[in-house]
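To keep things clear, I will list the structure first and then write my remarks on it.
The chains referred to below are lettered A, B, ... by the order of the sequence lines, with proteins before strands, and numbering in each begins at 1.
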Amino acid sequence: KAGVTQTPRYLIKTRGQQVTLSCSPISGHRSVSWYQQTPGQGLQFLFEYFSETQRNKGNFPGRFSGRQFSNSRSEMNVSTLELGDSALYLCASSESMPNTGELFFGEGSRLTVL
Amino acid sequence: DQQVKQNSPSLSVQEGRISILNCDYTNSMFDYFLWYKKYPAEGPTFLISISSIKDKNEDGRFTVFLNKSAKHLSLHIVPSQPGDSAVYFCAAPNFGNEKLTFGTGTRLTIIP
């Protein structure tokens, strides 16, 4: 079974631009979550989608948005990029209504904002 | 408000010795905890978990201990091996299990 796939793996943008990151979950997984990892901050929850619906959202500004498609693939978008948005963005998938909270992560998309 | 805290950003341990990674939490609603391991340029991978109805869970070289009264859990790795060098995150599912709250991580370095 293929794992969680994230594209692109690395990207460089400048302030004010916008970026779209893509995530393909493990086949059969309907829940997709996004996390931001920065040094010293650990993994910060961005949002979680299930069956194309956002079920939960973290404490991030409205510049951060996402969506999920009918095939469970998900995208997240960051508009008007700021230097502080430089981070590793991780996507994770899980089976529906996980009881254990176990997530399967992709390798991440490393965003650098100049 | 950091509900899950890992106060040691780094830890170095001699190969063959025991590694002990600590995690504290503040939310008494947490009733399940997980440890993830992360290598550079890879996503975190699930390592071991523990439910609040237990105070210990063991899986090979890895044991997690939970002290509910102290709101503290620890991960023991024995014996430590060079391949254990990674960043370790503790995490807890929030109500509804729709998200995990992670600690800030501890970078473990095993010295050969």
Side-chain heavy atoms of Phe89(B) within contact of Leu43(A), under 4.5 Å: yes
Atom NZ of Lys68(B): over 12 foreign heavy atoms under 6.0 Å: yes
Residues, nucleotides or ligands: over 12 heavy atoms within 6.0 Å of Arg15(A) CZ: no
Portion of Gln37(A) that has a non-hydrogen atom of chain B nearer than 4.5 angstrom: side chain
Distance in Å, Lys99(B) NZ paired with Gln44(A) CD, rounded so as to fall on 0.5 Å steps: 9.0 Å
Residue selection (most heavy-atom pairs with chain A, distance under 4.5 Å) from Pro9(B), Gly103(B), Gly105(B), Gly43(B): Gly43(B)
Arg61(B) atom CZ, neighbour heavy-atom count above 12 within 6.0 Å: yes
Toward chain B, the part of Leu90(A) with a non-hydrogen atom under 4.5 Å: side chain
Under 3.5 Å: donor-acceptor pair, side chain of Tyr35(A), backbone of Phe102(B): no
Joint cluster assignment, Phe62(B) & Ile20(B), ILVMFWY side-chain distance < 4.5 Å: no
CZ/Arg73(A): more than 12 non-hydrogen atoms of other groups inside 6.0 Å: yes
Joint hydrophobic cluster, Phe60(A) plus Leu81(A), side-chain heavy atoms closer than 4.5 Å: yes
Verify same cluster id: Phe65(B), Trp35(B) (apolar side-chain graph, 4.5 Å): no
Chi angles and distances behind the side-chain contact (heavy atoms from CB on, under 4.5 Å) call for Phe46(B), Phe105(A): CA-CA 9 Å; Phe46(B) 170 74; Phe105(A) 283 87; over 6 Å; no
Flag side-chain contact, heavy atom, 4.5 Å: Tyr32(B) against Glu102(A): no
Heavy-atom donor-acceptor pair, Arg110(A) side chain to Ala41(B) backbone, under 3.5 Å: no
Value rounded to 0.5 Å, distance of CD in Glu107(A) from CD in Glu42(B): 6.5 Å
Within-4.5 Å side-chain heavy-atom neighbours: Thr45(B) and Phe104(A): no
Hydrophobic cluster identity match, Tyr10(A) and Leu114(A), side-chain contacts under 4.5 Å: no
